[in-house]
Amino acid sequence: MTHEFCGMNWGWGGMVFQALFWLALLGIIFWSLRNFLGQNRTSMVGPANGSSAIDILKARYASGEIDKQEFEERLRNLKN
């Protein structure tokens with residue numbers, strides 16, 4: 001079975017090319033949406049606001065999430 005496109009007989013090569021074209025187009029759309037929607041998420045490396053690890057540690061200590069002993073121990077670890 002062959003397909004005609006603009007008067008030319010493309011055969012299996014045209015079908016393969018068409019499938020690759022649509023897969024590439026869908027991949028680009030998926031990648032674009034993923035990157036666009038992912039801009040507002042916090043990265044796995046750290047917060048998006050650029051806070052350093054020490055700033056985060058200070059904020060956790062100030063909010064009472066960790067006690068003084070844990071704060072000092074983690075601060076020593078970060079400075080090493």
Side-chain angles (χ1 to χ4, degrees):
M1 176 182 219
T2 60
H3 296 280
E4 289 191 28
F5 180 74
C6 295
M8 296 186 333
N9 189 355
W10 287 68
W12 287 103
M15 289 175 28
V16 170
F17 175 76
Q18 186 177 8
L20 291 174
F21 169 79
W22 287 111
L23 285 172
L25 184 63
L26 289 173
I28 290 169
I29 291 171
F30 177 76
W31 177 80
S32 298
L33 286 173
R34 188 171 153 231
N35 283 336
F36 177 73
L37 296 175
Q39 287 178 352
N40 296 331
R41 294 183 187 166
T42 303
S43 72
M44 297 301 285
V45 176
N49 63 5
S51 298
S52 71
I54 293 176
D55 292 336
I56 296 167
L57 184 61
K58 288 178 182 177
R60 291 182 65 194
Y61 177 62
S63 70
E65 188 177 335
I66 58 175
D67 61 8
K68 183 176 181 177
Q69 180 183 1
E70 187 174 357
F71 171 77
E72 290 172 349
E73 180 182 333
R74 290 181 182 223
L75 186 61
R76 278 193 304 275
N77 289 338
L78 287 172
K79 288 185 177 182
N80 286 337

Inset, instruction - State, yes or no, whether a side-chain contact exists between W22 and L25 at a heavy-atom distance under 4.5 Å. - result: yes

Legend entry - Side-chain heavy atoms of R76 within contact of E73, under 4.5 Å: yes

Starting at [atom1] of [X], measure out to [atom2] of [Y] and round the result to the nearest 0.5 Å.
{"X": "E70", "Y": "R60", "atom1": "CD", "atom2": "CZ", "value": "6.5 Å"}
{"X": "I66", "Y": "E72", "atom1": "CD1", "atom2": "CD", "value": "10.0 Å"}
{"X": "L23", "Y": "I28", "atom1": "CG", "atom2": "CD1", "value": "11.0 Å"}
{"X": "I56", "Y": "E65", "atom1": "CD1", "atom2": "CD", "value": "11.0 Å"}

Inset, instruction - Might you point out which heavy atoms bring F71 and L57 nearest each other, and give the distance in Å? - result: CD1-CG, 3.6 Å

